[in-house]
Amino acid sequence: MTARRRYWLMKSEPDTFSIDDLARVGTEPWTGVRNYQARNFMRNSMQVGDGVLFYHSNCSPPGIVGTATVACTAYPDPTQFDRASHYFDPKATQEEPRWHMVDVTFERRFKRTVTLDEIKREADALGEDFALIRRGNRLSILPVTAAQWQHLLSLE
DNA sequence: GCCAACGTTGGC
DNA sequence: GCCAACGTTGGC
């Protein structure tokens, strides 16, 4: 039996890692998540083949720029053990890692950015509880329903 | 570069 | 276990 495909939105700052970077490398470990809720989505819920909306944040304009897929189930993020890394976590141990991540594989770059501004205008269709457009929400990884996925793709 | 929102930390 | 201080996110 094939697992049911789930959908996610993952934010990345294009200055750090953009959709074009992902297109170039093909598959990338999603290092550096240091938020428990975001980690839990990766560790507890992501499955191989899940759909990912790739979102550019902290740029102009912010928005969805393409799609990717989850390439593997979660495993410990090695940067937590690396003293030299910006993401080093002194409280993490090999025996008890704190931070897990998945690898993400490039699927497609949108012909254009579906901007946050446009997405906000679709609040009625997407639902007010959609975390991306909920006021003050800063989650870098959030779940997307099949209906939201379809609707967001239709905006391209 | 500003700053609102919010998560985390640590003193008590 | 409260909560102030602090750090980070991310839109603008």
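Quick caveat: nothing in here was measured; it's all calculated off a predicted structure. All chains are named by letter (A, B, ...) in the order of the sequence lines, taking the proteins before the strands, and each is independently numbered beginning at 1.
Put simply, the residue from A:Y7, A:W8, A:F130 that forms a ring-ring contact (aromatic ring centres under 6.0 Å, His included) with A:W149 is A:Y7.
Mapping A:R135 and A:R98 onto DNA chain B via the closest heavy atom, the residue that lands nearer the 5' end is A:R135. Take the nearest nucleotide of DNA chain B for A:K91 and for A:N35: the residue whose nucleotide is more 5' is A:N35.
Pairs engaging residues 133-142 of chain A under the side chain to side chain donor-acceptor pair (under 3.5 Å) rule: none recorded [sequence neighbours left out].
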**Prompt:** Going through the distances and angles, do A:Y75 and A:D103 end up as a side chain to side chain donor-acceptor pair (under 3.5 Å)?
**Reply:** CA-CA 9 Å; A:Y75 61 101; A:D103 293 353; 2.5 Å; yes
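Between A:D117 atom CG and C:dC12 atom P the separation is 7 Å, expressed in whole Å. Rounded to an integer number of Å, the gap from CZ of A:R134 to P of B:dG7 is 10 Å.
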Table of protein N/O atoms under 3.5 Å from nucleotides 8-11 of chain C N/O atoms:
residue, atom, partner, partner atom, Å
C:dT8, O2, A:R138, NH1, 2.5
C:dT9, O3', A:R138, O, 3.3
C:dG10, OP1, A:K11, NZ, 3.1
C:dG10, OP1, A:R138, O, 2.6
C:dG11, OP1, A:Y55, OH, 2.7
C:dG11, OP2, A:N58, N, 3.0

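A:F54 and A:W30 have perpendicular rings, their planes meeting at more than 60° on a 0 to 90° scale where under 30° would count as parallel.
Between the side chains of A:T115 and A:E118, at least one donor-acceptor pair of N or O atoms lies under 3.5 Å.
Residues satisfying the side chain to side chain donor-acceptor pair (under 3.5 Å) criterion with A:T79, sequence neighbours excluded, are A:R34, A:D77.
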